[in-house]
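This report concerns only the one structure given below.
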Amino acid sequence: LSDALEGSRFNVLHIGDKFRDPNNRRVLGYEALYVGQGRIDQSGDPAVMALTESQREALRGDRLLPIGPADIPMNFLPQAPEQQVDGAIVSVVDGISLIGPYQIVVINRGEPDGLQAGTVLAVYRRGERVQDDWGRGIKKKVRLPEERAGEIMVFRAFENISYALVMSAAKEMRAADIVTNP
């Protein structure tokens, strides 16, 4: 920050958990948790920054990102994807396990998969594996069918991931549930 001018404003972010693809466990990126905002009060090396807003504790190693104009559109045109999308929910923002309406999820598909702001996708609960006690002689595990759980709308797409808002939820959703064309 030696070149940051006095009065410059920054977002303070904490690097959280890895986003892993539920299908192949490949690292897709890292969660960035919003800590707050700060203002440079004294430029130089090191610079002095005052926190002007905080939503959680600022820790050593947190990152600073210059505040610029938001590039998230305020108006969305909901639309189905133009190509087939077969993905999964990677994570839910704020790390809870059950997902419901108006929560934000991360999915393992992005711009190269045809996703853009406004893309609407269906969510299906992944069928559980259960013991089949009525099988012919051999007891084995079977996978129950997938069930439609709701719809999400992408509001920000990147190369490997997208952020989406849960628009409706007829059933609870979880990480690793399937996302596909509506």
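Throughout, numbering of the chain's residues begins at 1 and tracks the sequence. Predicted model, so just to flag it, every value in this text is computed and none were measured.
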Inset, instruction - Mind telling me whether Tyr163 and Phe155 have parallel, tilted or perpendicular rings, with 30° and 60° as the class edges? - result: tilted

Legend entry - Val142 vs Val130, side-chain contact (heavy atoms from CB on, under 4.5 Å): CA-CA, chis, key distance, verdict: CA-CA 6 Å; Val142 295; Val130 297; 4.1 Å; yes

Inset, instruction - Could you grab the distance from atom CD1 of Ile104 to atom CG of Leu165, nearest 0.5 Å is fine? - result: 6.5 Å

Inset, instruction - Search all heavy atoms of Phe76 against all heavy atoms of Gly118 and return the closest pair with its distance. - result: CD2-N, 3.8 Å

Inset, instruction - Look at the side chain of Arg9 and the backbone N and O of Ile67, then say whether any donor-acceptor pair between them is shorter than 3.5 Å. - result: no

Legend entry - Inter-residue atom distance Ser91.OG - Ile161.CD1, 0.5 Å rounding: 9.5 Å

Inset, instruction - Search all heavy atoms of Leu5 against all heavy atoms of Ser8 and return the closest pair with its distance. - result: O-OG, 2.7 Å

Legend entry - Heavy-atom side-chain contact between Leu13 and Leu33 under 4.5 Å: no

Legend entry - Donor-acceptor side-chain pairing of Glu111 and Ser162 below 3.5 angstrom: no

Legend entry - Heavy-atom donor-acceptor pair, Asp21 side chain to Val90 backbone, under 3.5 Å: no

Inset, instruction - Check the pair Leu121 / Arg109 against side-chain contact (heavy atoms from CB on, under 4.5 Å), numbers first and verdict last. - result: CA-CA 11 Å; Leu121 298 168; Arg109 297 294 180 260; over 6 Å; no

Inset, instruction - Take atom CZ of Arg129 as the centre, draw a 6.0 Å sphere, and report whether it contains more than 12 heavy atoms from other residues, nucleotides or ligands. - result: yes

Legend entry - Polar side-chain atom of Asp113 near backbone of Leu115 as donor-acceptor pair, under 3.5 Å: no

Legend entry - Joint cluster assignment, Val106 & Ile15, ILVMFWY side-chain distance < 4.5 Å: no

Legend entry - Nearest-0.5 Å distance that lies between atom CZ in Arg156 and atom CD in Gln116: 13.5 Å

Legend entry - Side chain Arg174, main chain Arg125, donor-acceptor under 3.5 Å: no

Inset, instruction - Apply the test side-chain contact (heavy atoms from CB on, under 4.5 Å) to residues Val105 and Val179: give CA-CA distance (whole Å), side-chain angles for both, the deciding distance (0.1 Å), then the verdict. - result: CA-CA 11 Å; Val105 295; Val179 297; over 6 Å; no

Legend entry - Donor-acceptor contact present, side-chain Thr119 to main-chain Pro81, <3.5 Å: no

Inset, instruction - Look up atom CD1 in Ile178 and atom CD in Glu147, then write down how far apart they are to the nearest 0.5 Å. - result: 11.5 Å

Contacts under 3.5 angstrom, residues 46-58 side chains, donor-acceptor by atom type, not counting sequence neighbours:
from, atom 1, to, atom 2, distance (Å)
Thr52, OG1, Gln37, O, 3.3
Glu53, OE2, Tyr34, OH, 2.9
Arg56, NE, Tyr34, O, 3.3

Legend entry - Rounded distance (nearest 0.5 Å) linking atom CZ of Arg126 with atom CG of Asp177: 7.0 Å

Inset, instruction - Might you work through the side-chain contact (heavy atoms from CB on, under 4.5 Å) test for Met167 and Val120, ending with a clear yes or no? - result: CA-CA 9 Å; Met167 300 300 291; Val120 176; over 6 Å; no

Legend entry - Results of side-chain hydrogen bond (donor to acceptor under 3.5 Å, both in side chains) for Glu159 - residues two or more places apart only: none

Legend entry - From CG (Leu28) to NZ (Lys18), nearest 0.5 Å: 11.5 Å

Inset, instruction - Assess whether atom CD of Gln131 is packed by more than 12 heavy atoms of other residues, nucleotides or ligands within 6.0 Å. - result: yes

Inset, instruction - Would you name the heavy atoms of Gly150 and Met173 that are closest together and state the gap between them? - result: CA-CE, 3.7 Å

Inset, instruction - Would you name the heavy atoms of Ala80 and Pro182 that are closest together and state the gap between them? - result: CB-CG, 4.1 Å

Legend entry - Any donor-acceptor N/O pair, Asn108 side chain to Ala88 backbone, under 3.5 Å: yes

Inset, instruction - State whether the number of non-hydrogen atoms from other residues, nucleotides or ligands found under 6.0 Å of Gln83 atom CD is greater than 12. - result: yes

